[in-house]
Undergrad: 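Structure in structure tokens, see below.
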There are 2 protein chains.
Amino acid sequence: MDKITLTDKYSLFDEIWTPKIITESNGQLVKIAKGSGELVWHSHENEDELFLVLKGQLTLKLHDGEIVLNPGELFVVPKGVEHCPMAKEDTHFMMIEPASTQHTGALETDVTVSADAQEWI
Amino acid sequence: MDKITLTDKYSLFDEIWTPKIITESNGQLVKIAKGSGELVWHSHENEDELFLVLKGQLTLKLHDGEIVLNPGELFVVPKGVEHCPMAKEDTHFMMIEPASTQHTGALETDVTVSADAQEWI
């Protein structure tokens with residue numbers, strides 16, 4: 001029963017596009033990640049995915065436009081909606097999603113971190 | 001499909017201890033609130049409750065101690081755990097919890113805002 005300080009957690013890793021799990025609430029995982037450059041287009045068939053930006057700028061490319069998120073801004077990508085995250089250098093963001101959510105949806109790429117391999121910090 | 005800017009949402013209300021719903025994700029509601037002073041002791045039998053502080057300081061009094069949250073710090077009050085939120089003046093925080101969550105649990109007080117009456121902004 002300890003509080004979580006986001007800056008402390010961010011000091012524990014350097015990898016980009018590699019979500020780290022920091023806590024769980026009602027069956028959903030709270031994850032933090034660093035981003036820089038572009039990930040890949042993907043979607044999650046059964047899970048909405050909430051993004052909250054803490055530092056930098058995260059752009060969620062969608063087929064009908066772009067959502068540009070600065071610190072203190074959030075967006076929920078609805079289940080089934082294809083998106084491609086793209087970030088300015090040294091961007092920090094939080095995600096909240098069910099434990100079942102695969103990193104890059106049904107797509108498996110060189111950068112994919114499988115849900116089983118996602119690390120608790 | 002618009003992004004949500006937290007400062008914009010906070011400019012829309014002044015009430016304290018009155019959660020406003022800003023979005024929904026996987027059946028859970030994302031709420032923001034302002035706090036100042038003390039709410040009441042209560043618990044949620046079936047729902048974990050995530051608190052993330054954005055501004056000010058929120059203290060979650062628990063029977064075995066206090067969790068003091070500053071901006072960028074979060075804590076999940078597990079289901080069934082009695083807590084009493086207490087905040088410095090002009091504290092802003094976010095909560096994520098299932099739609100079923102009652103404001104002050106089974107307790108109904110003068111300050112209770114029933115789940116049905118919680119407003120989307």
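Heavy atoms only: backbone and side chains are in, while hydrogens, waters and symmetry mates are out. In what follows, every chain begins at residue 1, and chains take the letters A, B, ... in the order their sequences are listed.
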Undergrad: Do B/Ile21 and B/Ile4 belong together in a cluster built from hydrophobic side chains that touch within less than 4.5 Å?
TA: no

Undergrad: To the nearest 0.5 Å, what is the distance between CG (A/Asp48) and OG1 (B/Thr23)?
TA: 8.5 Å

Undergrad: What part of B/Leu74 gets within 4.5 angstrom of chain A, counting heavy atoms only: side chain, backbone, both, or neither?
TA: both

Undergrad: Side chain, backbone, both or neither: which part of A/Leu50 has a heavy atom under 4.5 Å from chain B?
TA: both

Undergrad: Does the side chain of A/Asn26 pick up a donor-acceptor pair with the side chain of B/Gln28 at under 3.5 Å?
TA: yes

Undergrad: Could you tell me which portion of A/Val81 (side chain, backbone, both or neither) has an atom closer than 4.5 angstrom to a non-hydrogen atom of chain B?
TA: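 Just its side chain gets close to chain B.
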
Undergrad: Heavy-atom distances under 4.5 Å only: say whether B/Pro78 touches chain A with side chain, backbone, both or neither.
TA: side chain

Undergrad: Determine whether B/Met95 and B/Leu39 fall in the same hydrophobic cluster, where Ile, Leu, Val, Met, Phe, Trp and Tyr are linked whenever their side-chain heavy atoms lie under 4.5 Å apart.
TA: yes

Undergrad: Is it the case that more than 12 heavy atoms not belonging to A/Glu108 sit under 6.0 Å from its CD atom?
TA: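 No - once you tally the heavy atoms of other residues, nucleotides and ligands closer than 6.0 Å, there are 12 at most.
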
Undergrad: Tell me whether B/Val77 shares a hydrophobic cluster with B/Trp17, the cluster being built from Ile, Leu, Val, Met, Phe, Trp, Tyr side chains joined at under 4.5 Å.
TA: yes

Undergrad: With clusters defined by side-chain heavy atoms of hydrophobic residues (ILVMFWY) lying less than 4.5 Å apart, directly or transitively, does A/Val76 cluster with A/Ile32?
TA: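 Shared cluster, yes.
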
Undergrad: So for B/Ile22, is it side chain, backbone, both, or neither that comes closer than 4.5 Å to the heavy atoms of chain A?
TA: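 When you check distances to chain A, only side chain atoms of B/Ile22 fall under 4.5 Å.
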
Undergrad: Please check if atom CD in A/Glu82 has more than 12 non-hydrogen atoms from other residues, nucleotides or ligands closer than 6.0 Å.
TA: yes

Undergrad: Between B/Ser25 and chain A, which part of the residue has a heavy atom less than 4.5 Å away: side chain, backbone, both or neither?
TA: both

Undergrad: Please look at B/Leu62 and chain A and tell me whether the side chain, the backbone, both or neither of the residue comes under 4.5 angstrom of a heavy atom of that chain.
TA: side chain

Undergrad: By a 4.5 Å heavy-atom criterion (distance strictly below it), what part of B/Asp2 contacts chain A: side chain, backbone, both, or neither?
TA: backbone

Undergrad: To the nearest 0.5 Å, tell me how far A/Lys3 NZ sits from B/Leu52 CG.
TA: 12.5 Å

Undergrad: Would you mind checking which part of B/Val30 comes under 4.5 Å of any heavy atom in chain A, side chain (CB onward), backbone (N, CA, C, O), both or neither?
TA: side chain

Undergrad: Out of B/Glu49, B/Glu73, B/Glu47, return the one with the most heavy atom pairs under 4.5 angstrom to chain A.
TA: B/Glu73

Undergrad: Does atom CD of A/Glu15 have more than 12 heavy-atom neighbours from other groups under 6.0 Å away?
TA: yes

Undergrad: Can you tell if the side chain of A/Thr5 reaches within under 4.5 Å of the side chain of B/Asn70, non-hydrogen atoms only?
TA: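 Heavy-atom side-chain distance check fails, nothing below 4.5 Å.
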
Undergrad: Flag yes if more than 12 heavy atoms outside A/Asp64 fall under 6.0 Å of its CG atom; otherwise flag no.
TA: yes

Undergrad: With a 6.0 Å cut-off (strictly less than), is the heavy-atom count around CD of A/Glu38, excluding the residue itself, greater than 12?
TA: yes

